[in-house]
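In this text, all values refer to a predicted model and were calculated from it rather than measured experimentally.
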Amino acid sequence: MDSPGVEPFFDKDSGTFTYVVHEGEGGAAAIIDPVLDFDPASARIGTRSAEAVLAFVRAQRLQVQWILETHAHADHLSAAGFLADELQAPVAIGRGIIQVQQRFKQLFGLGEEFIADGRQFDRLFADGESFSIGRLQARVIATPGHTDDSLTYVIGDAAFIGDTVFAPETGTARTDFPGGDAHRLYASIQTILALPASTRIFLCHDYPGDRRAPQAQTSAAQQLESNVHLKGGVQEDDFVRMRQQRDATLAPPRLILPALQVNIRGGRLPEPDANGIRYFRLPLNQLGAAS
């Protein structure tokens, strides 16, 4: 089994890891879950996080062949569009993005100019598909539950698992978004934990605060032994009950409304209005509990 190089980049503001997975200096590479900086108070977009990824790619003379999204994120804006323009690389996501687009097109009241069929991405992966990153062989595992379109990318001995499990002290992903399902998440987690024991599992998020350094990598053994939502061989009904009770107490992610308007567009901003200014739409009283 190939063992690709993996370079993590951590965005503290959203607790998100971006990864560059690569063959080595001068070889082929893919970028997974890139972050576009966004300040909600000023509504300013920035590319500092993406520029750090670009600097590494260029310093290592890597040939980026893919920009891969594990799902349409609700906690950060994707820099996939920016990086696609810089690197002339295709952007891929799971085929379930079509259902995600259909749901959020309705929520945001998007017009006929937004076509919810996945065309905003260059490739829509289905469960079980394979692809190459140079000599590296990659395969796709559908791991829904957090969202309809959630994927795990297995590239050699490395698995990039999106929002399924987190660091053991944090637990597992929420399932209360439209299309989320705790039963499906439980099944997806079992699939991930059944990967070969030597698999390096790379997390999409970590929330360490000031207690420790961010944890990018874990293993099936570590999750089964100490994940607060999984240890002891928790059964499906107990997991679902815990997940639903916990989700009912969670506030919506801070950036969910702007993030999804970019992320369902393949990491592209909304088109500008006639005055040349781009706008996000904010549907009132649709998320969270009534005050």
Discussion item. Checking Q120 against I264 for the side chain to side chain contact (heavy atoms under 4.5 Å, CB included) test, could you report, in this order, the C-alpha distance in whole Å, the side-chain angles of both residues, the deciding distance, and whether it holds?
Written reply: CA-CA 8 Å; Q120 298 80 2; I264 62 173; over 6 Å; no
Discussion item. The test is side chain to side chain contact (heavy atoms under 4.5 Å, CB included); show your working for V228 and T170 and say whether it passes.
Written reply: CA-CA 7 Å; V228 293; T170 305; over 6 Å; no
Practice prompt. Could you walk me through whether F239 and L230 pass the side chain to side chain contact (heavy atoms under 4.5 Å, CB included) test, one step at a time?
Written response: CA-CA 8 Å; F239 175 85; L230 302 172; 4.1 Å; yes
Worksheet item: Are I67 and L269 connected in the hydrophobic side-chain network, where two residues link if heavy atoms are under 4.5 Å apart?
Response: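 They do not share one cluster, since no chain of ILVMFWY contacts under 4.5 Å joins I67 to L269.
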Discussion item. Membership question, hydrophobic clusters at under 4.5 Å side-chain separation (ILVMFWY): are F10 and F160 in the same one?
Written reply: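 Yes, F160 connects to F10 through the hydrophobic network.
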Do [X] and [Y] get their side chains close enough for a donor-acceptor pair, meaning under 3.5 Å?
| X | Y | value |
| --- | --- | --- |
| T70 | D33 | yes |
| N263 | S78 | no |
| H205 | D75 | yes |
| Q223 | T218 | yes |
| T16 | H76 | yes |

Discussion item. Is it the case that the side chain of R95 and the backbone of A126 share a donor-acceptor pair, with hydrogens and angles ignored and the cut-off at 3.5 Å?
Written reply: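 No, the answer is negative, given that no donor and acceptor are paired below the 3.5 Å cut-off.
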Worksheet entry | Side chain D37, main chain I45, donor-acceptor under 3.5 Å |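 Not confirmed, D37 side chain does not pair with I45 backbone.
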Discussion item. A side-chain contact here means heavy atoms from C-beta on lying under 4.5 Å apart; do D148 and R184 qualify?
Written reply: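 D148 reaches R184 side chain to side chain.
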Fill in: Check: P40 and L255 side chains under 4.5 Å, non-hydrogen atoms
yes
Discussion item. Using a 6.0 Å cut-off, check whether atom CZ of R135 has over 12 heavy atoms from anything other than its own residue.
Written reply: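 Incorrect, the count does not exceed 12.
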Worksheet item: In terms of heavy-atom contacts, does CD of Q106 have more than 12 from other residues, nucleotides or ligands at under 6.0 Å?
Response: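 Open: at most 12 neighbouring heavy atoms sit under 6.0 Å from CD of Q106.
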Discussion item. For a ring-ring contact (aromatic ring centres under 6.0 Å, His included) check, start with the C-alpha distance between Y153 and W66, then their side-chain angles and the critical distance, and finish with the verdict.
Written reply: CA-CA 12 Å; Y153 296 103; W66 292 97; 9.0 Å; no
Discussion item. Are H146 and F177 an aromatic pair, judged by ring center distance below 6.0 Å?
Written reply: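 Distance test on ring centres: under 6.0 Å, yes.
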Item to complete: May I have the step-by-step check of side chain to side chain contact (heavy atoms under 4.5 Å, CB included) for F280 and L257, ending in yes or no?
Response: CA-CA 8 Å; F280 288 136; L257 293 175; over 6 Å; no
Item to complete: Evaluate side chain to side chain donor-acceptor pair (under 3.5 Å) for T164 paired with S188, printing each intermediate quantity in order.
Response: CA-CA 8 Å; T164 49; S188 294; over 6 Å; no
Discussion item. Rounded at 0.5 Å granularity, tell me how far OH in Y19 sits from CZ in F202.
Written reply: 6.5 Å
Item to complete: Before giving the answer on salt bridge (Lys or Arg N to Asp or Glu O under 4.0 Å), spell out for R243 and D247 the whole-Å C-alpha distance, their side-chain angles and the decisive distance to 0.1 Å.
Response: CA-CA 6 Å; R243 192 65 266 171; D247 289 347; 2.8 Å; yes
Fill in: side chain to side chain donor-acceptor pair (under 3.5 Å) assessment of Q222 paired with Q215
CA-CA 12 Å; Q222 184 183 30; Q215 178 180 344; 3.3 Å; yes
Worksheet entry | Criterion ring-ring contact (aromatic ring centres under 6.0 Å, His included) on F114 and F108, from CA distance to verdict | CA-CA 11 Å; F114 182 81; F108 292 120; 9.5 Å; no
